[in-house]
Amino acid sequence: MYTLSLSLSLSLSLSLCVCVCVCRRIHTHTHTHTHSLSLSLCRCSLSLSLSLSLYCAHVPLHSTLHPSKMALTRLPCVLALLTVHCYVSVLAVVLKTSNKTPWVNEFESIELSCLIESISTINPRIEWKKIKNGEQPSYVYYEKKISGDLENRARLREPATLVILNATRSDTASYRCEVTAPSDHKTFDEILIDLRIRVKPVVPTCSVPKSVPVGKSAELSCVEHEGFPRSQYQWFRNKEEIPEDPKSSPKFFNSSYVLNGESGTLKFSAVRKEDAGQYYCRAKNEAGVSECAPQIMEVYDINIAGIVLGVLVVVVVLLCITVGICCAYRRGYFASQKQMGSNYKTPGKGDGVDYVRTEDEGDFRHKSSFVI
């Protein structure tokens with residue numbers, strides 16, 4: 001009789017525990033009528049498990065049973081407690097996600113997974129909120145409708161996964177999935193997802209000096225502001241990548257430059273003839289790459305002797321001009337015309353004589369005769 005009772009208790013406890021745990025898994029994927037049936041079954045399992053616990057409690061502590069039989073007698077109690085734990089878990093809403101940090105390229109689709117692992121409420125309230133740059137959260141799914149920035153660009157896939165169509169760079173933010181289940185023992189749960197939209201760089205703006213004298217410094221710049229994550233930069237000379245460390249390549253071993261891959265600058269402290277060539281820059285990130293058009297930088301020698309000779313010639317020419325001007329002033333070449341035009345005086349009139357100057361003649365004639 002004892003063996004039969006023990007076997008019955010053990011079998012019933014095992015069956016009920018398995019039943020409740022299976023029931024827990026069904027809750028997340030069932031419709032209304034199946035959900036109610038599974039919940040009733042779990043409650044029944046709890047009642048039977050509690051009955052088994054009471055049975056175990058009445059087993060005498062100082063029983064004359066063999067120790068091995070006493071251990072088997074206590075086993076249904078342990079299984080009953082496990083059953084109770086499974087049931088309590090069913091009455092709590094629990095969320096999970098398959099990816100807390102998803103990313104996608106711009107203009108593609110992305111899913112923000114919000115999976116309901118367990119719940120007993122038939123129609124839970126589901127909400128999605130967007131949190132960006134520390135601002136107040138804004139609704140993107142509220143009262144079973146897509147709203148805010150994602151209106152007409154997103155949809156909800158049951159049970160609570162948010163699908164964003166044609167994602168743009170403005171969608172980069174944190175999104176919070178919230179589920180409220182009034183009928184559950186734990187009525188609320190939430191999960192936070194960080195979404196990043198990757199943007200391909202645009203064609204960078206490159207600046208390359210056209211000509212640089214040997215030994216002088218030169219700076220090449222490359223920049224673009226659209227890519228996300230922030231672009232990294234590479235420089236190329238004659239279609240060959242310029243390494244960050246010139247000592248790592250035999251072709252650039254003797255060059256003296258500093259390459260900054262984050263800012264896109266290439267600075268030569270002293271340009272050499274070998275540095276002449278065709279330069280272009282490439283901006284790249286996880287979303288793609290873009291390049292600017294090649295530009296030629298020439299390097300020329302400085303002719304010191306020619307410069308000195310040219311300066312001497314200019315000085316000699318200026319000296320000759322100065323001496324010539326001084327000699328001309330001394331000989332009166334610049335003063336003769338001025339004196340002729342401004343120093344001429346009209347002859348004075350005599351007594352009783354009027355002088356008239358004709359238009360055709362340059363001399364004077366008497367208007368009246370002398371009076372003696």
Side-chain angles (χ1 to χ4, degrees), residues 101 103-108 168-170 172 196-324:
T101 56
W103 57 265
V104 68
N105 291 338
E106 193 174 24
F107 308 124
E108 294 181 359
T168 64
R169 65 191 70 187
S170 62
T172 296
R196 293 291 177 266
I197 308 300
R198 303 191 309 189
V199 182
K200 178 182 177 181
V202 297
V203 176
T205 302
C206 301
S207 176
V208 179
K210 293 183 179 180
S211 58
V212 183
V214 173
K216 296 295 182 179
S217 61
E219 180 175 343
L220 290 69
S221 63
C222 176
V223 65
E224 73 87 29
H225 300 288
E226 299 296 326
F228 184 86
R230 186 176 178 180
S231 297
Q232 297 292 314
Y233 301 96
Q234 295 173 296
W235 275 99
F236 295 81
R237 187 185 72 188
N238 299 330
K239 298 183 178 181
E240 185 173 357
E241 183 180 356
I242 300 175
E244 289 190 4
D245 183 9
K247 306 303 180 184
S248 62
S249 173
K251 292 186 177 181
F252 300 92
F253 187 83
N254 295 323
S255 297
S256 57
Y257 63 81
V258 176
L259 175 60
N260 191 327
E262 294 185 357
S263 63
T265 57
L266 176 62
K267 297 181 180 180
F268 291 90
S269 57
V271 176
R272 301 165 57 251
K273 290 288 289 184
E274 292 78 4
D275 295 328
Q278 197 175 59
Y279 288 82
Y280 68 91
C281 171
R282 173 182 296 169
K284 66 175 184 177
N285 63 9
E286 297 172 359
V289 299
S290 291
E291 298 176 352
C292 64
Q295 301 180 44
I296 296 177
M297 184 180 76
E298 296 180 352
V299 179
Y300 60 90
D301 292 319
I302 299 178
N303 191 350
I304 303 298
I307 294 175
V308 173
L309 182 61
V311 171
L312 291 177
V313 170
V314 171
V315 171
V316 170
V317 171
L318 291 176
L319 184 61
C320 292
I321 293 174
T322 303
V323 171

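Hydrogens, waters and symmetry mates play no part in the numbers below; they use all other heavy atoms, side chains included. Residue numbers run from 1 in the order of the sequence given. For clarity, every value in this text was computed on a predicted model and none was experimentally measured.
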If you apply the rule side chain to side chain contact (heavy atoms under 4.5 Å, CB included), what do you find for L220 with M297, and how did you get there?
CA-CA 10 Å; L220 290 69; M297 184 180 76; 4.2 Å; yes
Please test Y233 against V223 for side chain to side chain contact (heavy atoms under 4.5 Å, CB included), starting from the C-alpha separation and ending with a verdict.
CA-CA 8 Å; Y233 301 96; V223 65; 4.2 Å; yes
Apply side chain to side chain contact (heavy atoms under 4.5 Å, CB included) to the pair R196 and T101, showing each step before the final yes or no.
CA-CA 8 Å; R196 293 291 177 266; T101 56; over 6 Å; no
Apply side chain to side chain contact (heavy atoms under 4.5 Å, CB included) to the pair D301 and K273, showing each step before the final yes or no.
CA-CA 8 Å; D301 292 319; K273 290 288 289 184; 3.8 Å; yes
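Taking CG of L259 as the reference point, atom OG1 of T265 lies at 7.5 Å (rounded to 0.5 Å). Distance check, rounded to the nearest 0.5 Å: CD of E106 to OG1 of T168 gives 6.5 Å. Note that CZ of R282 and CD of Q232 are 13.5 Å apart. Values are rounded to the nearest 0.5 Å. Atom SG in C281 sits 8.5 Å away from atom CZ in F236 (nearest 0.5 Å). For the atom pair CD of E241 and CZ of F252, the computed distance is 9.0 Å after rounding to the nearest 0.5 Å.
The pair E262-R230 does not meet the salt-bridge criterion, since no charged nitrogen lies less than 4.0 angstrom from a carboxylate oxygen.
Side chains of Y257 and I242 form a contact here, defined as non-hydrogen atoms less than 4.5 Å apart. Annotation: side chain of N285 is in contact with side chain of P229 (closest heavy-atom distance under 4.5 Å). Counting heavy atoms from C-beta on, the side chains of S256 and P246 never come closer than 4.5 Å. Side-chain contact between V299 and R272 is absent, with no heavy-atom pair separated by less than 4.5 Å. The side-chain heavy atoms of K216 and V271, taken from C-beta on, include no pair separated by under 4.5 Å. Inter-residue side-chain proximity for C206 and Q295 is flagged as met; some heavy-atom pair is nearer than 4.5 Å. Residues N254 and E274 are not in side-chain contact: their nearest non-hydrogen atoms beyond the backbone lie 4.5 Å or more apart.
The minimum heavy-atom distance between N105 and W103, with the atom names listed, is OD1-CZ3, 4.4 Å. Between S249 and P243, the shortest heavy-atom distance links the atoms CB-CG, 3.9 Å. Contact detail for N238 and A276: the closest heavy-atom pair is ND2-O, 4.4 Å. Scanning both residues, S255 and D275, for their nearest heavy atoms gives OG-OD1, 3.1 Å. Between V199 and E226, the closest heavy-atom pair is CG1-O, 3.5 Å. Nearest heavy atom pair, residue K200 against residue A287, reads N-CB, 3.5 Å.
Every salt bridge (charged side-chain N to carboxylate O under 4.0 Å, His left out) that E286 has, sequence neighbours left out, goes to R198.
A 6.0 Å sphere centred on CD of E298 holds no more than 12 heavy atoms belonging to other residues, nucleotides or ligands.
Figure legend: cation-pi geometry between K247 and F253, with NZ or CZ positioned under 6.0 Å from the six-membered ring centre and within 45° of its axis.
A perpendicular orientation is assigned to the rings of W235 and Y279, their planes being inclined by more than 60° (bins at 30° and 60°).
Under the 3.5 Å distance criterion, the side-chain polar atoms of S207 are left unmatched by any main-chain donor or acceptor of S221.
Taken together, C222 and C292 fail the criterion of an SG-SG distance shorter than 2.5 Å.
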